[in-house]
2 protein chains.
Amino acid sequence: MNDKLLILRGNLKANLSDVAKEAGVSAITVSRALRHPDKVSKKTLDKIMSVVDRLGYIPDPAARALAVGKTNVIGVVVPSVTNNVFSDVMRGIFETSEGSKWQIQLGNSRYSPLEEERLVRTFLSQKPAGLILSGLEQSEATSKLLMNADCRIVQIMECGPAPYDMMIGFSHIEASRVATRHLLEKGYKKPGYIAARLDPRSQRRLQGFEEVTTAAKLYDPARIVTTPRPSTVTLGCELTADLLSKAPDTDAILCNNDDLALGALFECQRRGLNTPNEIGICGFNDLEMMAVANPAISSVRTHRLQIGQQAMSMMDAALAGPEPDPSVIDVGFEMSARESTNRSAK
Amino acid sequence: MNDKLLILRGNLKANLSDVAKEAGVSAITVSRALRHPDKVSKKTLDKIMSVVDRLGYIPDPAARALAVGKTNVIGVVVPSVTNNVFSDVMRGIFETSEGSKWQIQLGNSRYSPLEEERLVRTFLSQKPAGLILSGLEQSEATSKLLMNADCRIVQIMECGPAPYDMMIGFSHIEASRVATRHLLEKGYKKPGYIAARLDPRSQRRLQGFEEVTTAAKLYDPARIVTTPRPSTVTLGCELTADLLSKAPDTDAILCNNDDLALGALFECQRRGLNTPNEIGICGFNDLEMMAVANPAISSVRTHRLQIGQQAMSMMDAALAGPEPDPSVIDVGFEMSARESTNRSAK
DNA sequence: TTGTAGGCGTTATCAA
DNA sequence: TTGATAACGCCTACAA
């Protein structure tokens, strides 16, 4: 077994003491050379580095984790990997983590609080450096886990009270209030609402719509159509069809997201309803395609990429110190008013 | 330090020997009880389980990894986390892995072979149980790593010769041949092609188009517009505009993917060009929205979800034994012919 | 069916 | 600046 060094190239991987032996130093010195190069004399450092290189030594993360009681893993739990909203957030996270020492591990809770709990439990067992999760509300068990968790936490997508640790997002209810007011300002008198898969954030958006229409005395429950099914463009068509059959005089549709909005537009076109004059359409999130549809579709622009990027930056700062200064960030949103709600004067 | 058990609830986490002491057995027995319950007497098993439960014991994956030299991690490298194609594949992988012992770890190579190499290296250092990656070609260094890798490998998205291990996908060149022939059969004489971000699979699709048009003596390089930029609906509009300015008599557009196809449709509509009569449009992948556009857009249906699901099933089978039987699977594709290429007789 | 001994590769601590 | 020693928590091999 002592001919290990001879066989190294090919099969066995070198470990710390292999490197140490070859370099004529002790294992711990190699360890230091790798982690704190400044605490090792230039000469031994050079020697060690050349051996590391020659043997192709790569540290074993499991051994390190065992010794330190911590990993470089940052666990990310998203409710969906297909939803455009989260893919943008994920992209921001991945982009920003690249080049850093952090290793992103992704979990898909599929909008299930129980699955989220399972994932958090699994992640925590790995002694992660941090955890990024979506939204304000978790199951009670998950909450308890998180409050006692020995790692940094960033909640994303929403802003609200009592963060576990850090937080970045925006107010969904406020965003939908603004969109609803936009419809009213444009002169629509009978606005409807369609929504799929009512997660907590969707529900708050619906609530914003209800508030504003109620205040304007334009609230009509017959013009609200929702379904637990996951959102698609096709579903946007169907929900629009439902809405128009229940309330044919609807003159505008606020859609819970852009897929639905595109579907709504297609469905209205098929029925020969002119958008924006006969029926206004507004989406949510402002995916890039909204701007190039015919007519261009109004939407509420949300800063998904930025949320991912900054969530990761905050995490990195929190872990590397100094503490990120605002530890709760509201990135806001903007109303992107376009043709689809730009009704001619009536 | 021996009052550990007293403090357990709250701060410290129990480890194997804590459980062992409490249960009045040895650590290894607890370990066995957890992994091979049938190799432990019913009585001790019960006792152990109740203690495990009471102390909230959770095994430390790092310690296990160190002892066994393997983890439950399955590394997945995708070229993009935002591209719809890969989100569907990822969804299939996550769905299928759920409930299994495998832990998915996702890496985003952003279509960069170098980044892919870095990711593979990192994954391998974690001694994963398996690796799932996209496509046939890797950098030479990556190839070497993979060939010597001590884990199972599934290549996804494409089918081709010389898999490292397992493989599931389809023939991109054949798929685009079929789509191109479809256009010709529908009577289009001046087909063009637009493509964004030419990864190897996109290139093979372009190649299929070139082959078939050349054979039909309808090949015209002026009608091929490509860009390295990432694909979006907006870009579909732009590329279409480019194509139509370079070759205004183009009567059909084969698009490298569905985003571009939707953009192409929007652009044509904006120019008052009738689809399918003045200009045919065909996409690739058949995202659900293709079927509900106006007109419905023809596309080539690819089985992305299935690829993800089966990739994971094969991996699971390979790891749990027995070996998955065909270890290379061609899931094929289907031409979804719709209105957008259904030209009236001319 | 259960237990003992030893090791996995790294790092913290303390000493030189 | 460097090193010896002892963990970290679990598992394999062998023994009882």
Side-chain angles (χ1 to χ4, degrees), chain A residues 1-2 4-5 8 12-49 51-52 55-72 101 124-127 129 150, chain B residues 1-2 4-5 8 12-49 51-52 55-72 101 124-127 129 150:
Chain A
M1 250 318 142
N2 249 337
K4 199 174 179 183
L5 289 181
L8 265 187
L12 307 179
K13 295 141 271 176
N15 63 17
L16 259 194
S17 47
D18 291 331
V19 176
K21 274 177 219 147
E22 274 287 286
V25 297
S26 74
I28 186 65
T29 303
V30 178
S31 173
R32 268 197 285 258
L34 261 24
R35 291 175 303 147
H36 313 292
D38 49 314
K39 304 207 160 194
V40 168
S41 76
K42 175 91 175 73
K43 208 175 136 190
T44 42
L45 181 61
D46 287 347
K47 172 146 223 169
I48 288 173
M49 283 321 198
V51 174
V52 162
L55 300 189
Y57 167 71
I58 298 177
D60 180 334
R64 171 174 290 163
L66 183 57
V68 179
K70 268 262 159 270
T71 63
N72 291 330
K101 57 190 279 202
L124 286 180
S125 81
Q126 301 187 52
K127 305 187 179 141
D150 182 24
Chain B
M1 250 320 140
N2 247 337
K4 199 173 179 183
L5 290 181
L8 266 187
L12 307 178
K13 296 141 268 180
N15 62 17
L16 259 194
S17 47
D18 291 331
V19 176
K21 274 178 220 148
E22 273 288 288
V25 296
S26 74
I28 186 64
T29 303
V30 178
S31 173
R32 268 197 286 258
L34 259 26
R35 289 175 304 145
H36 313 291
D38 49 314
K39 304 208 162 193
V40 167
S41 77
K42 175 90 175 74
K43 208 175 137 193
T44 43
L45 181 61
D46 287 348
K47 173 145 221 170
I48 288 172
M49 285 319 198
V51 174
V52 161
L55 299 190
Y57 169 71
I58 298 177
D60 180 333
R64 171 175 289 161
L66 183 57
V68 179
K70 269 262 158 270
T71 63
N72 291 331
K101 57 190 280 200
L124 286 179
S125 80
Q126 302 188 51
K127 304 184 180 143
D150 181 25

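Keep in mind that this is a model prediction, so the values were computed, not measured. The analysis underlying the following values was restricted to heavy atoms, covering all of them including side chains, and did not include hydrogens, waters or symmetry mates. Order of the sequence lines sets the chain letters (A, B, ...), proteins ahead of strands, with each chain counted from 1.
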When every non-hydrogen atom of A:Ala129 is compared with those of A:Lys70, the smallest separation belongs to CA-CD, 4.5 Å
note: A:Leu16, atom CG; D:dG3, atom P; distance rounded to Å ~ 13 Å
Separation of C:dG9 atom C1' from B:Arg64 atom CZ, nearest Å, is 18 Å
B:Lys21 NZ to D:dG9 P, in whole Å, measures 11 Å
Item to check | side-chain N/O B:Ser26 vs C:dT2 OP1/OP2, d < 4.0 Å | outcome: no
Atom CD1 of B:Ile48 and atom C1' of C:dT1 are separated, to the nearest Å, by 11 Å
Sorted by number, residues from residues 36-46 of chain A placing a heavy atom under 4.0 Å from DNA chain C are none
Note to self: For the backbone of B:Asn15 and the side chain of B:Asp18, can you confirm whether one donor and one acceptor N or O come within less than 3.5 Å of each other?
What the structure shows: yes
For B:Lys101, the side chain to side chain donor-acceptor pair (under 3.5 Å) test, sequence neighbours excluded, returns none
- Counting only N and O atoms by type, is there a donor-acceptor contact under 3.5 Å from the side chain of A:Ser125 to the main-chain atoms of B:Ile58? no
Worksheet item: Are A:Pro61 and A:Thr71 side-chain neighbours, meaning at least one heavy-atom pair lies under 4.5 Å?
Response: no
- Item | Worked verdict on B:Tyr57 versus B:Leu34 for side chain to side chain contact (heavy atoms under 4.5 Å, CB included) | CA-CA 11 Å; B:Tyr57 169 71; B:Leu34 259 26; 3.5 Å; yes
Rounded to whole Å, CG of A:Asn72 lies from C1' of C:dT11 at a distance of 14 Å
Scan A:Arg35 against the nucleic acid and name what it touches under 4.0 Å (heavy atoms): base, sugar-phosphate only, or nothing.
sugar-phosphate
Short side-chain N/O contact from B:Thr29 to OP1 or OP2 of C:dT2, under 4.0 Å | no
Residues B:Val25 and B:Val30: closest non-hydrogen pair is CG2-CG2, 3.8 Å
Between B:Leu45 and B:Val40, the two heavy atoms sitting closest are N-CG1, 3.7 Å
Measure from the side-chain N and O atoms of B:Ser17 to the backbone N and O of B:Ala20, and report whether any donor-acceptor pair falls under 3.5 Å. no
Closest to the 5' end of DNA chain C, once A:Ser17 and B:Gly24 are matched to their nearest nucleotides, is B:Gly24
Rounded to whole Å, NZ of A:Lys13 lies from C1' of C:dG9 at a distance of 12 Å
Those residues at least two apart in sequence (or on a different chain) that pass side chain to side chain donor-acceptor pair (under 3.5 Å) with A:Lys47 are none
By side chain to side chain donor-acceptor pair (under 3.5 Å), B:Asp60 pairs with (sequence neighbours left out) A:Lys127
Between its two end axes (five pairs each) the helix from C:dT1-D:dA16 to C:dA16-D:dT1 turns, nearest 10 degrees, through 30°
From CG of B:Leu34 across to C1' of D:dC11 the rounded distance in Å is 13 Å
Would you tabulate the nitrogen or oxygen pairs shorter than 3.5 Å linking the protein to nucleotides 5-8 of chain C?
{"residue": "C:dC8", "atom": "O2", "partner": "B:Ala67", "partner atom": "N", "Å": "3.4"}

